[in-house]
Amino acid sequence: MTLSKLVPLSLTVAIAASLAACGKTEAPAAQAEAAKPAFDLSRITTPSVAFNAADVDPAVSACTDLNGFVNGKWLKANPVPGDQVTWGSFEILRERSLEVQHALVEQAAAADAKAGTVQAQIGDIWKTGSDEAAIEAAGIAPLQPELDRIAALQNGAAIAAYLRQAYAQGQGFLFSLYASPDFKDSANVIAYVGQGGLGLPEKGYYFDESQAKVREAYVAYIEQLLTLSGVDAAQAKEQARAVMEFETRLAKASLSRIELRDPAKRYNPVSAADADKQTPNFSWTALFDTLKVPAKDRFSLAQPGFFGEVDKMLADVPAATWQAYLRFHTVDNAAPYLSKAFEQANFDFFSKTLRGQQEMQPRWKRVLESVNGAMGEALGQLYVDAVFPAESKVAMQHLVENLSVALKARLENLPWMGEETRKKALEKWASFTPKIGYPDKWRDWSGLATSGDSYLGNMQAARAFNYRYMLDKIGKPVDRTEWGMTPQTVNAYYNATKNEIVFPAAILQPPFFDAKADPALNYGGIGAVIGHEMMHGYDDSGSQFAANGNFDNWWTDADRSAFTGRTDQLVAQFDGYEALPGVNVKGKLTLGENIGDLGGLTVAYDALQMALKEDPSKNVAVDGYSEDQRFFMNWATVWRRNFTEGELRVRLNTDPHAPANFRANGAPSNMPSFAAAFQCKAGDAMVRGDDKRVVIW
């Protein structure tokens, strides 16, 4: 994973400690058995990835390639393992988190917990997912009732009715439907509907010549899954081609990832009655009645061109093609929870062919992923109780305060911003809400019915339960205590409609954070992360949301023009990075994250200087490197990461983050403080000339 921005679209394993001093709330009464487990930290075998001066490659100059200087030796010695598609700091921290989680779910499964408790629910998913013999014996049978319903669909009206019922069970096929704060009234939640329906990662995969082999492999996979599910081989071949044509038509009507970065293209409030006029073959009024949500007066139906095409397809696509499409995606969605033939086929296409992963991960990791998908926050509660030290939260609060002071100083002295816009920018700064470690209020899981009978049945129950939980937010005030990531996730995020920055417990360990480290490492690690998430409030997308979280233009035209001129330079910088032969980074797709990196690292450096001024005794060389040097070196350590070629190709088309090596080098190359720290000179690769140097915040 990478640092991300949460759009309505992401281990500490140090010492066990009580969280009572941090104001941890009690679990609901029905979950009282989720008591703090005894956890043996000695069982953690994954090594730390803390900055180590011995990793530095003296043959590479920091002024030429900071990433190579700091990470080159490590990257050569640590290729991507066969069961991974990337390998670096994030993945190793995730492995450490998984080891803790593994122990916790085993403990939950072994406990004689009362039905309906968190431990019993987690235990049911874990035990049924681990029972390979039972899964193999069941084959396709657990899914057969759903496939029979699909086979009975004979016309567009029946298909529309089936889709409504499928969404009521959390089974979304053609479009996304979710609850999120209203862009224009961020204190309240509305329903959002957006484009979807594609099996390949992005619309370009359906048209780009470079993806022709992927398309061929995808059609073969569709055919394979249809055959495994009981379709005659000759019919499966014909149906697979029809499904591909169906999805290609959807892709043609879809917007690109870059286009969807514009919030205006994700927001189009309408009434259900007006929406029904746009799609006469699909009734939104009937959908919301089926879902039992108060969305008929106002919901967001963005990408109207896409939904117009879907409406036409309900009328002119043969029912047999719809059946094939729905059957394939039903089986595809369930494949990880079915017998080996289905799971292997799913892995072979999506992981091996598409992303270059050579080996399937061990069973325990795959089932643990299911537990996280079904009950992530419940597992997070056990995780926090076991391994998150109270002092980490206290130290993080102090760092957030320091970064906040540094950001305010930047905003107050920004030369290109006028006073009217500056006032609004400072209002937004003052309203940032930081969340650290774990939620103040844990979610209640009572009502989720799990059993020891069926892995797929448990996952279907969790899917429906979680979707209902989400739908029930529609028409209600926003719950500002809620988190969009679990505590055990190695990541962080910014949410524009809540104007909040969130740092899960799992990211608060080296190389990001170490209570015993010198200031440079913490400011170059978690300090830059804090700054990065704060700067998302002022990136190309986040800057379109005001202090109260509303989608609102608080800029003067002159200031917006000045901002765009500077961000265009950053687009050009990253457009110039060649990630694979003939394949460059997409500067517009990655712009928000690149703004976050440049602004975040700049603000973190300012905060480090303030901290060193307050305590000059800390401003000493360590391992022969100054605090300024170690600041930038730890920033690069965060971004040490190898990719399979397939994974890198997918990310270049879909990921709003640039590849890690360009993140390590991109921001520092714009900073005179980096050049000064390493005595770099004009003309060095890591020193962008005055005509190309990007200065935004």
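Values reported hereafter were calculated over all heavy atoms of this structure, with side chains retained and with hydrogens, waters and symmetry mates removed.
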Could you measure the distance from the [atom1] atom of [X] to the [atom2] atom of [Y]? Nearest 0.5 Å is fine.
X	Y	atom1	atom2	result
M671	T602	CE	OG1	4.0 Å
D568	T564	CG	OG1	6.5 Å
L93	S89	CG	OG	6.5 Å

Would you call [X] and [Y] a salt bridge, using N to O less than 4.0 angstrom?
X	Y	result
K423	E419	no
R663	D597	yes
R410	D606	yes
R630	D623	yes
E645	R649	yes
E91	R641	yes
E412	R422	no
K365	E95	yes

Please confirm whether the backbone N or O of [Y] pairs with a side-chain atom of [X], one donor and one acceptor, at under 3.5 Å?
X	Y	answer
T421	G418	no
N522	D514	yes
D684	M686	no
T637	M633	yes
D57	A59	yes
R640	L75	no
Q573	G666	yes
D539	M535	no
Q84	T644	no
Q679	A677	yes

Residue set satisfying ring pair (Phe, Tyr, Trp, His ring centres under 6.0 Å) with F574, at least two apart, ordered chain then number -> Y577

Any luck finding a side-chain donor-acceptor pair between [X] and [Y] under 3.5 Å?
X	Y	answer
S97	Q101	yes
E202	S256	no
S404	W429	yes
N634	Y523	no
S543	R560	yes
N665	S669	no
K586	N653	yes
E377	T486	no
N553	Q544	no
T481	D440	no
D628	Q609	yes
D615	S617	yes
N495	T497	yes

Mutual orientation of the aromatic rings belonging to F563 and W555 [parallel < 30°, tilted 30-60°, perpendicular > 60°]: tilted

Measure up the F678 and F674 rings against each other and bin them: parallel (under 30°), tilted (30 to 60°), perpendicular (over 60°). tilted

Side-chain heavy-atom pair [X], [Y] within 4.5 angstrom cut-off:
X	Y	answer
D55	K73	no
W554	D559	no
K498	R480	yes
Y438	P504	no
E627	V622	yes
P439	P487	yes

Please report the closest heavy-atom contact between [X] and [Y], naming both atoms and the distance.
X	Y	value
W74	I92	CZ2-CD1, 3.5 Å
I696	L414	O-CD1, 3.4 Å
V85	V80	C-CG1, 3.7 Å
N78	N642	O-ND2, 2.9 Å
P511	F51	CB-N, 4.5 Å
A53	Y625	CB-CE1, 4.2 Å

Please confirm whether K393 makes a cation-pi placement over F503, using NZ or CZ under 6.0 Å from the six-membered ring centre and within 45° of the ring normal. no

How far apart are the C-alpha atoms of S431 and N499, what are their side-chain angles, what is the distance that settles it, and do they pass the side chain to side chain donor-acceptor pair (under 3.5 Å) test? CA-CA 7 Å; S431 67; N499 199 28; 2.8 Å; yes

Determine, stepwise, if the pair K681 / V687 fulfils side-chain contact (heavy atoms from CB on, under 4.5 Å). CA-CA 7 Å; K681 299 178 176 60; V687 180; over 6 Å; no

Under the criterion side-chain contact (heavy atoms from CB on, under 4.5 Å), I'd like the reasoning laid out for L508 against M396: C-alpha separation, chi angles, the key distance, then a yes or no. CA-CA 8 Å; L508 302 181; M396 268 294 289; 3.6 Å; yes

What do you reckon, is CG of N413 surrounded by more than 12 foreign heavy atoms closer than 6.0 Å? yes

Check whether more than 12 heavy atoms from other residues, nucleotides or ligands sit under 6.0 Å from atom CD of E369, and answer yes or no. no

Kindly indicate, with the supporting measurements, whether the criterion salt bridge (Lys or Arg N to Asp or Glu O under 4.0 Å) is fulfilled by E500 and K435. CA-CA 7 Å; E500 65 184 9; K435 294 180 177 178; 2.8 Å; yes

Evaluation steps, side-chain contact (heavy atoms from CB on, under 4.5 Å), between D575 and V571: CA-CA 6 Å; D575 277 343; V571 170; 3.4 Å; yes

Pairs where residues 686-697 contributes a residue and the test side-chain hydrogen bond (donor to acceptor under 3.5 Å, both in side chains) is met, not counting sequence neighbours: N670-R688

Given side-chain contact (heavy atoms from CB on, under 4.5 Å), test I436 with Q397 step by step and report yes or no. CA-CA 8 Å; I436 299 167; Q397 289 168 334; 3.5 Å; yes

Answer yes if the ring centres of F512 and F90 are under 6.0 angstrom apart, and no otherwise. yes

